[in-house]
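Okay, so here's the structure we're looking at.
FYI, the numbering just counts along the sequence from 1.
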Amino acid sequence: MALSGCGGDEPPVAEPDPLLVAALADLHLADARADLTGTARDSLRALALARHGLSTADLAEVLDGLVRDPEGATRLYDRVSERLAAGTAAPPRSVPSLPVKPEGAE
C-alpha cells in the first residue's frame, strides 16, 4: 500500500535531479563569467555542460520537458537558486581565471 499525503490522490512531488541542478548552476556562473570577462559565452556554456556529461541537445530536451511541467520548472529553479546562494556551484574547472577588463579598455 502506498502512502499518500494530505492531498489524497496526488502523486508525491519529485525533487529535481541533483545533476541537473548542478549543471544549471554552473551554466548560470558561466554566463556571468562571460559577461564579466568578455569570454565567448558559447564556449563557457559548452565547458559547463561537458563538466556534467551533458550536451546542448540534452539541455534542450530537459528544457522542452519543463515547458510541460511548470511546477517542476519552479522546483528546479528554486533548487538552482538555493545552490547558487549557498555558493556550492563551481565554475567550469577547465576555464582558467581570466582578468576582468577595466571599463573603457578595448
Side-chain angles (χ1 to χ4, degrees):
M1 180 164 122
L3 297 176
S4 63
C6 297
D9 295 333
E10 292 190 27
V13 176
E15 277 298 305
D17 181 346
L19 170 72
L20 183 59
V21 171
L24 290 175
D26 280 350
L27 281 174
H28 178 79
L29 292 174
D31 288 347
R33 176 172 261 184
D35 290 344
L36 288 172
T37 64
T39 304
R41 181 179 303 269
D42 290 345
S43 297
L44 292 176
R45 289 178 66 82
L47 287 170
L49 288 172
R51 177 175 187 234
H52 297 283
L54 299 171
S55 67
T56 54
D58 296 330
L59 180 62
E61 184 178 330
V62 168
L63 296 179
D64 285 346
L66 289 173
V67 168
R68 294 182 295 279
D69 182 13
E71 288 179 13
T74 299
R75 281 191 307 279
L76 176 61
Y77 177 80
D78 289 344
R79 296 307 169 271
V80 171
S81 294
E82 290 166 5
R83 185 176 179 104
L84 289 166
T88 55
R93 57 192 142 140
S94 299
V95 177
S97 293
L98 299 172
V100 177
K101 291 181 187 176
E103 295 228 2
E106 291 293 321

Quick one, Val62 with Asp17, criterion side-chain contact (heavy atoms from CB on, under 4.5 Å). Give me CA distance, side-chain angles, the key distance, then yes/no. CA-CA 11 Å; Val62 168; Asp17 181 346; over 6 Å; no

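- With hydrophobic clusters built from ILVMFWY side chains whose heavy atoms lie under 4.5 angstrom apart, Leu20 does not share a cluster with Tyr77.
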Arg45 and Leu59: CA distance, side-chain angles, deciding distance, side-chain contact (heavy atoms from CB on, under 4.5 Å) verdict: CA-CA 11 Å; Arg45 289 178 66 82; Leu59 180 62; 3.9 Å; yes

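- Taking CZ of Arg79 as the start and CG of Leu84 as the end, the distance is 13.5 Å to the nearest 0.5 Å.
- For the atom pair CG of Leu63 and CG of Leu76, the computed distance is 8.5 Å after rounding to the nearest 0.5 Å.
- At a threshold of 4.5 Å between non-hydrogen side-chain atoms, the residues Asp35 and Arg41 count as touching.
- Side-chain atoms of Ser55 and Asp58 form a donor-acceptor pair, as typed in the model, at a separation below 3.5 Å.
- Atom OG of Ser81 is separated from atom NE2 of His28 by 8.0 Å, given to the nearest 0.5 angstrom.
- Residue Leu44 is tested with Leu27, Thr39, Asp26, Leu49 for a side chain to side chain contact (heavy atoms under 4.5 Å, CB included); the sole match is Thr39.
- Side chains of Val80 and Val21 form a contact here, defined as non-hydrogen atoms less than 4.5 Å apart.
- Looking at heavy atoms from C-beta onward, Leu24 lies out of side-chain contact with Arg83 at the 4.5 angstrom threshold.
- Arg75 and Glu15 are not joined by a salt bridge, as no carboxylate oxygen comes within less than 4.0 angstrom of a charged side-chain nitrogen.
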